[in-house]
Amino acid sequence: MQIVRALFICTLLLMISGCSSFKDIDKRYYVLAIGLDQTDNKKKPYRVTLKLGIPAEKIQPGETNKYELVSEDATSIQEAIRLIKTKVDKELDFGHTKVLLFGKSLVSQSIREPLDWFLRRRDIQLIGFMGIGDPSAKDLLSASPKSERLPANSLILSLAHEGTESSYIMTESLSDFHRRLKEKGKDPYMPVIQLRGNTIVINKAAVFDKERMVDILGTEQTRIFNELIRNNIKFEIKTVTPQLKYNITVQKYKLKYKLLSLQSSEPTIQLDAKIVGQVEESTTPLYEEDWHKLEKMSEDQMKERFLKLLTYLQSKNVDPVGFGLRYRAMGYIDEEDWEKWLDLYPRMKFDVRIHIKLIDTGVIK
Amino acid sequence: MKRYFYYVVIMCMIINIMLNVPTYLIEQRYDGAVMGMIAAVVSGGLCAFMFIKSLRPFPGQGLPEIFRTYLPHAVRVPLLLYLGIMWFAAGGVALITFSRILQRYLDPDIDILVLRILLILICSILAAGSSRSILYLAEIIIIFHIPLIGLLLIKSLGYEYMDWDAVKVVSHYVKNPPNLEVVSVASYIFTGYINMAVFNRYFHKEDKITWLWIIPIIGIGVLFTTFFIPIGFHGTEGVETFIYVWVSTADSMRMEYGFVERVIYMFLLVYLSLSLLFITVTWHVGAELIKDAFSKKRWVQTAEQRFSWKLWIIILLLSVQCLLTLKYLNEKQFFELSRQWLILRYISEIGLVMIVFWLGRKASKCK
Amino acid sequence: MCDDTKLYYLIDKPFLSCQTAEEFTQSLLTYGAVKQTDALKLNEQITLGHTVVQHMGCVYSVNVKKSLNEQSEDIKIEHVLTGPQKALAEDLLANVHMIRSRYKKQELHLEQYILGRSSKTEVMLLFDVQLAKQQLLDRIRAKLLSIDVDILQSTGQLEILMNSRRFSLFPTMLITERPDRIVLNISQGKIVILLQGSPFALILPAVFYDFMSAMDDLYQAYWVSRGLIILRYIALVLTLTLPALYISLISYNPELTRVQLTMTIAGSRAAVPYPSYFEVFFMLFLIEALVEASLRLPKFIGSTATTVGGLILGQAAQQAGLVSSIMIILTSAVAISNFVIPINTMSAAMRFVKYPLIVLAILFGFIGTVAGMFFLIGYLANLRSFDEPYLKLFIGEQQASRPDKSR
């Protein structure tokens, strides 16, 4: 009996100060995407744009992706958010912020400082997707494709590869970006999202060094970049010769690389790619041709493309694939070894070996 | 009956995250953490083996009874009090750390004092029950939550962003010698066996605990995943940025096809149950030790006490210090304090194992 | 109270056909007459349904009680697909007859007690003397002898009287009307108490697992019964935690689910002006009232009321903007899952337990829900049913209380 009484009193005590964070789901305004831009104003360098989702009961594509875009200039991100809070009627909830966009001018200057706010807050998901908005993040956030069921949904679906699975779309999560920013031996990258009319196009990527954006890769380069970085994607290999033109769809893809002869004068990175694919499109019937010849032609062309991209990245002195980390993983962990690497990387030669295996030519010959 | 031993051991292995073990290890990752972990495996396995072996001549008796038979009064009482307080500190550290994590990640507006009072109430009422009930509770909780943790680990090992190169880099630092801090921090994984101090009362001659060699093997697995997975996710340099490393690691994972997309929520809620279990078990053991220090009669296995007022009062009095740390310590100071406490605990553990080993030898010589 | 036929055969006919008075005395004694010496006891005998005969200066009493309700009833509460379909009767001796004919061992012992000052109810203790624990028997006997109550009419009342705790929530003794369940439990060493005038028997000790097992588990194929057991436990967890999880999700941490789901839920709740716990309490109150009312409704109105309550009230409440549509699904899931629990007393206990969980969820969100479930499991693990652990997983141990493990 005593224990019941004691429990009762304790429960009453708890009730006094509980309930403080009780806030219903419809009293919150969900921030679905954040955009960060650079302004020309030196006193207020950051422009924060928030895309707030307006909920609807029945989901209809194109109808229910209503949103509200609020924007504010301030000296820091926290201040901007605070100013924005005065403009909205409900509590801002960042728990569903899945997309973090940065303006092109901002990342050309510096990404380190603004990133701190995103990492420090507990409610920004570390699995949030990052991207660069071209021309600016604010413009991107105003896009509202007609097939969208919820605001910012098209961005989320395409970046998460839940909707379309294209080999041009590079995905980068906040945690991965932060890891690459700090890591000795791996450099960050981000997809570049552009606006075309009312739709969004993601087919470029940008490479960073430890401080800012270094370069934006072209569309073709982005595709090969994707093949280099990620291991289990579906992509196509285009082979063009004077007689034949065909596309191979890749079913299985494995890329391995080794660092060899680092002490000698010819340090090499040997990349081995094993591909199993089938022909998807061709200008002439391929069944009767010598498949080994076809494979060889595709291999050569792919090797060219890989080499071109690798040397390009090397010339810009960025290392997004992670060769530096592999160097350290091989056992070179001292400070002097790292200095040696910084000197070694621009001199490295790439030896790309590709093995393609064609399993069939599709449904027709 | 003997399977309950393994539940307590597994519980202690998994709870290491709540004692900030990964954070301390990762701070020293370039300075001998890897070698320290291997040393901890050896030390922990050895201690477990010695302790359990030494308890064999004492079926049905807990540490208080053994001390009563062999040690003089002046040594027994302070020793039991000291041990009881160390046990309480274990539960207390887990409580404080976890309530901070909960408040930070799950519910920022909650008053942390109220949260702690709730957790203290729940754990103290359950810890004042009978030892058998706590073992049954441990069985149920562990069986339901270990598959979820296993799922998390397997998912993280095969995850797209898991970087094995970073893991290899850190493993090359194995040549650096460890210091006491790393060994003591890493050896907490193996401390589950020491709860037998009180639970041995219910283990009789036929419940001989075999398969002790499993403890080092599982311990190696747990230790290496707790240390290397955050490094694989956050990189060798980036892993230092986070205060609670494993929580941020859980946040970096996505379950695309699960109901809960952010793994961090599943992680936190599963660990809530496990932490409550850990706090209940440690506080129960600690309270039993202290109660026996103050009682004149030897403990006899009578009809089970389902709720003992004495135990509850002891627990409440000692758990008040968890609330006091709110006022006097900030987070950084608390980190330092728990680091020192882990080192102290390791030394005490070795001391205790030595004492029990000596008593065990004495007893088997007498027989 | 007297049965005319018995009166005729035991007293009238012999009286008329006997030649001498001694023959009649002999026949009276053969028919079970007891010689009474104490005049005070005669009133008691008459109220018990005996006839008092004064013959040749001696007073005898003969039992000619008319037995009521000797017919075994149909199963009303614990239905089974392929098992026996008749329950116990309301007469004690008829029940004993039923049980004996299913359990034909001579070790089945019976002990009779009389409880209740005004009702003088006969209580029978049944057990297998070889399998039941001696300690337990002594304890129960002592308990029965110490009961001092005015009227004892139902098994539920007896359970409360035998329980040493005053404020109890979880049943520690099983109440059942099925003879096959009783016989199975006797064969596992449990003790059964039967009551005159009640078609329900009391089985003790009973642990948590017993309350979640139905006799169907023994009568159906292995995989089918395993699947149904898993379903029952899932239903148990659902009925306890769904309302609490709803409140935690809606009002504390909506970021737990995917963004698409959150927006849909927010949209459907946009019309509801009240906070989420009001919705929950409103719908739960409706459902509880419905369940209680359907117990008492006359058969003719019964089904109409359920239709009205279930479909129309819920739908109308949603249209009026009082509750959201998700709440309706949730409440019906909770109500249905509750009745998946086979034994009524446990089902009622679980109906009660979800309210403290809801209160914890209102105060603390997910933390409160998980901590509350932890406390519940710990509390159940701490309960003892006559010294048997209440909640314990039986992995690798031969425990007496599993219905599919008979000795």
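Since we're looking at a predicted model, the values are computed, not measured. Just so it is clear, the values below take in all heavy atoms, side chains as well, and ignore hydrogens, waters and symmetry mates.
Interface remark: of the candidates Gln125(A), Lys182(A), Arg180(A), Gln125(A) forms the most heavy-atom pairs closer than 4.5 Å to chain B. Considering only heavy-atom pairs separated by less than 4.5 Å from chain A, the leading option among Val247(B), Val239(B), Ile264(B), Asp163(B) is Asp163(B). Contact count against chain A (heavy-atom pairs under 4.5 Å) is highest for Tyr173(B) among Tyr173(B), Phe233(B), Tyr105(B). Ranked by heavy-atom pairs under 4.5 Å with chain A, the list Glu237(B), Lys168(B), Met253(B) is led by Glu237(B).
For Lys254(A), the NZ atom sits in a loose shell: 12 or fewer heavy atoms of surrounding residues, nucleotides or ligands are nearer than 6.0 Å.
With a 4.5 Å cut-off on non-hydrogen atoms, Glu240(B) does not touch chain A at all. Looking at Arg120(A), there are no atoms closer than 4.5 Å to chain B (heavy atoms on both sides), in backbone or side chain. With a threshold of 4.5 angstrom between heavy atoms, Ser171(B) does not approach chain A through any atom at all. Proximity to chain A (any heavy atom under 4.5 Å) is restricted, for Tyr30(B), to the side chain, taken from C-beta onward. Neither the backbone nor the side chain of Ile229(A) comes within less than 4.5 Å of any heavy atom in chain B.
Between Arg254(B) and Glu160(B) there is no salt bridge, since none of the side-chain N atoms of the basic residue sits less than 4.0 Å from a carboxylate O of the acidic one. Remark: Asp251(B) engages Arg262(B) in a salt bridge, criterion side-chain N to carboxylate O under 4.0 Å.
Between Phe267(B) and Tyr271(B), the ring centre distance stays below 6.0 Å. A distance below 6.0 Å separates the ring centres of Tyr257(A) and Phe323(A). You'll find the ring centres of Trp309(B) and Phe307(B) inside the 6.0 Å limit. In this structure, Tyr189(A) has its ring center under 6.0 Å from that of Phe225(A).
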